[in-house]
Amino acid sequence: MLGVVALIAIGSLAVTVTDVHFPGRALLAVAFAATVPGIPIVATFRIPSREVQFVLGVALSLALGLLTSFVELETGAWSPIAAQVMLTALGLTASMLALIGRVHE
Amino acid sequence: VTAHNVATAAGSWTTRTQQAVGVEHRTGSGPITIARRRSAWLVLGEWIIVVLGLAGGMALWWISLKQFHLDDSGPLGIVKAMPASYVGAILVLAITFGVQMARRRPNHLALGMIVACLVVVLFSVPNLVDGTAQMPVAYVHAGFVQYIGEHHAILRGYDARFDWPAFFAAGSVLTSIAGLPDARPLLEGAPLFFELLALPPVLLLARSIIGRGRTAWLAVVLYYSGCWFGQDYFAPQAMGHLLYLSSIAVMFWTVSGAWEGVPQPRPYNFWELLTRRPTPPPGLTDGSAFAIQLALTTIIGAMVVTHQLTPVGFIIQLGVLSVFGVTRYRALWLVAALFFLAWFSYGAKDFWLGHLGGLVGSVGQVNSSVSKGLTSRVASGNPTYLHMQLVRTMWSGMFFAVAAVGSLVLLRRRTPLAFAATLAGLSPFVLIGLQSYGGEIFLRTFLYAMPFLAILSAAALSPLLRLPISLRGMAVTAIVVFATFGLVVTRSVNVAFERVTADSVNAAQFVVGGTQSTKIAVVESFAPVGYAGIDTHKVGELGKNCEPTLVQCALRMVPDFIFLSTEQEQYGRLRMQLPDGWLMRDGEQQLIRSAGYRVVYERPHAIVLKSTRATAKAAAKMYPVQPKPGVKVWKKPKAKVWKKPKPKVWKTTTHAKVQARATAKPRTTK
């Protein structure tokens, strides 16, 4: 799951930076909004239920996306790409931490 | 780690399979091998049934999308517009679900796939049929998103919804990431996105309350069947509701440890309720519980800046759960309340300064909420349509009644979280005493209560799941068929005017596509104008109760464009019993003949009229400028007309007058 989310994060950022248009781009963006960075972050919590990890991860992804956009809007620092870079960095860092935690287990 | 996981998974799969077919372990390798082969074939056969059911159901649904005649929808919703293939799709999926539920041990993956397909079938109409998005207000939200994308700020004083801007800002970021010119493509898939993402939290909540058996799956189906409210379009409340569902599901999971056999305090001992600390589920450490609390706090923060009402409902639920000791996070309601008050007093200042009287004045006005939310909705209109509104109300009432039975069943069984679920289901109804919310408070209250009403209803029906296998499958299929068709009927009552046709979208694009500032009028507020240029174009209704006097209203307002559509005509027919063609035929002709408008765009479902010089003349004639009382109006002075002076006539002075002048006293000055 973490690998898939990492792929979505990197893929979506790459598509935004290169501005490549293809039919599934909107779906990729929606997948990014629903999974990054919440699912990797929640993976570091060591919750003993995958269901809960998924539910909390999706909600946290959406919440962080909302809050990032909101802060950019309120502070006048509007930049969609900066928001995406920030969320991707957060997601990839959390993925690394979660993987390190699993290896240590 | 991977090898261990694979081995564990394989072991558990074998165990599950054997348990499913009732295989007993025997000594010796021969019988076990045969039993394994048999069980493997059985599992394969069951999966073939699932795949065939899903493929058949989805194929019928795909065919039905081409066969829908949504123009035939009316007071009965889409009942007359629905093709047989759509009915067939639902039946096939319901039977497949019933077959799976009849198994000794439910196949959760298969059930999840069936329910997901059922959600796609139920919530894809009318969006995928029309190729647009239901609910014209969603297009207004797309307009907000576009404004933020263009100006990187909100439009102050334009609309109260801008005071909770997180959803629109996130929509703008998403539009940019997706490389879309505007947010309209996101609107079409929004109901499926929100409804599919609601599946895991509702299932988690059900499993936390009534266990991991098949009753939880029945609860999920009942949840969707009760959601006729249409609150899943591209809107802040849909996002707020998803965050609410996820948060409440995780919170209930954190106290679901009672399922492991740990004794719980008695629910009727108030002191125990106040002082108890719920048992966490096995394996949840204090560190993990604290991390979950941080995540929930973040989610609540996002909820507070996204939607105005969802946090209020959630705070009430959190407060009630805290008081009765059925949450690990007893201070969370306080944190949520502080977040809410902070944003409401700072960020939403424009809103509450303008509506303080209405906000405070409606507290405790239950009668007003009932009147606006229920009575006024069935006061006038097409008789069949009014009956359907009653059916909707009764549908929700039925869930409430069955849930009450379910609550009693669970409390009698001493199910640990039965009391908490009942409280959580009842607490949103407090909102009715606080606000009428523009007549929508009943919808929102049932929306927040629905997960619990569905779970408790499933508990009430759970004795049916203990019937013999063949009867159980039939009983479940019958329940699912009844529930899903109930949803189709109740959800689609307003579809005739809440749908948005492709013609309307194209007409809206024609009107608001230009950069020049224009004044656009609609007769009813069911048109997708407003998706762009909200600061450039002024969009509004012709006026209140203008249906019988379109020409007078048009000449009073004199808009540049008048937007007519079949959706608006259907609204008049269903809500005001106006005759067929009152707008698209008679209204158009009146506006052309008597108000001087001309047709600039015409399709079967949408007409755009543009004002001409004749419109201005007719308006000036009908409504000459009248001075307002107390205002001095400058008037053009009258031109002086030269008049021929009268010839002086010499008058003779009499001798007596000459004598009188001579004897008069001389004038003195002071």
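Being a predicted model, the structure only gives us computed values, none of them experimental. Chain A is the first sequence line, chain B the second, and so forth, proteins listed ahead of strands; every chain is numbered from 1.
Using a 4.5 Å cut-off between heavy atoms, A153(B) contacts chain A through its backbone alone, with no side-chain atom that close. Contacts of F54(A) with chain B are made by side-chain atoms alone, with heavy-atom separations under 4.5 Å and no backbone atom involved. The contact between L204(B) and chain A is made by backbone and side chain atoms together, counting heavy-atom distances below 4.5 Å. Interface remark: A26(A) contributes backbone and side-chain atoms alike to the contact with chain B (heavy atom separation under 4.5 Å). Interface remark: T306(B) contributes side-chain atoms only to the contact with chain A (heavy atom separation under 4.5 Å). Contacts between P201(B) and chain A at a heavy-atom distance below 4.5 Å involve backbone atoms as well as side-chain atoms. Heavy atoms closer than 4.5 Å to chain B are found in both the backbone and the side chain of V30(A). If you measure heavy-atom distances from M303(B) to chain A, you find no contacts under 4.5 Å at all. Residue contact with chain A, scored on non-hydrogen atoms closer than 4.5 Å, is absent for L294(B).
Few gaps surround OH on Y158(B); more than 12 heavy atoms of other groups in view lie less than 6.0 Å from it.
Heavy atoms only, all atoms of each residue included: A94(A) and T44(A) are closest at O-CG2, 3.5 Å.
Residues of residues 9-18 of chain A having a heavy atom under 4.5 Å from any heavy atom of chain B, listed by number: S12(A), T16(A). Residues of residues 58-79 of chain A lying under 4.5 angstrom from chain B, judged on non-hydrogen atoms, are V58(A), A59(A), L60(A), L62(A), A63(A), L64(A), G65(A), L66(A), L67(A), S69(A), F70(A), L73(A), E74(A), W78(A) by number.
Under the 30°/60° scheme for interplanar angles, the aromatic rings of H141(B) and F168(B) are found to be tilted.
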Worked check of side chain to side chain contact (heavy atoms under 4.5 Å, CB included) between R46(A) and Q53(A): CA-CA 9 Å; R46(A) 297 180 184 182; Q53(A) 282 185 27; over 6 Å; no
From CA spacing to verdict: side chain to side chain contact (heavy atoms under 4.5 Å, CB included), I47(A), W253(B): CA-CA 11 Å; I47(A) 296 171; W253(B) 174 78; 3.6 Å; yes
Verdict with supporting geometry, R161(B) and F144(B), side chain to side chain contact (heavy atoms under 4.5 Å, CB included): CA-CA 9 Å; R161(B) 284 168 284 191; F144(B) 293 179; 3.9 Å; yes
Candidate pair R328(B) and D286(B), rule side chain to side chain contact (heavy atoms under 4.5 Å, CB included), full reasoning: CA-CA 11 Å; R328(B) 285 180 65 86; D286(B) 285 344; 3.9 Å; yes
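A donor-acceptor pair is defined here as one N or O able to donate and one able to accept, closer than 3.5 Å; such a pair exists between the side chain of Y244(B) and the backbone of Y448(B). The backbone N or O of L180(B) lies less than 3.5 Å from no partner atom in the side chain of R25(A), so there is not a single donor-acceptor pair.
Atom-to-atom distance recorded for I300(B):CD1 and L243(B):CG is 10.0 Å, nearest 0.5 angstrom. Separating the OG atom in S247(B) from the CD atom in Q317(B) is a distance of 10.5 Å, to the nearest 0.5 Å. Between the NE2 atom of H241(B) and the CZ atom of F314(B) there is a distance of 12.0 Å, given to the nearest 0.5 Å. Put simply, CH2 on W164(B) and CH2 on W343(B) are 9.0 Å apart, with the number rounded to the nearest 0.5 Å. I148(B) contributes atom CD1, which lies 10.0 Å from atom CG of L155(B) (distance to the nearest 0.5 angstrom). Taking CE of M86(A) as the start and CD1 of I81(A) as the end, the distance is 12.5 Å to the nearest 0.5 Å.
The greatest number of non-hydrogen atom pairs below 4.5 Å with chain A, out of G149(B), P165(B), G287(B), is found for P165(B). Looking only at heavy-atom pairs under 4.5 Å with chain A, the residue among S288(B), G301(B), A289(B) that has the most is S288(B). Of the listed residues S176(B), G179(B), G189(B), the one with more heavy-atom pairs under 4.5 angstrom with chain A than any other is G179(B).
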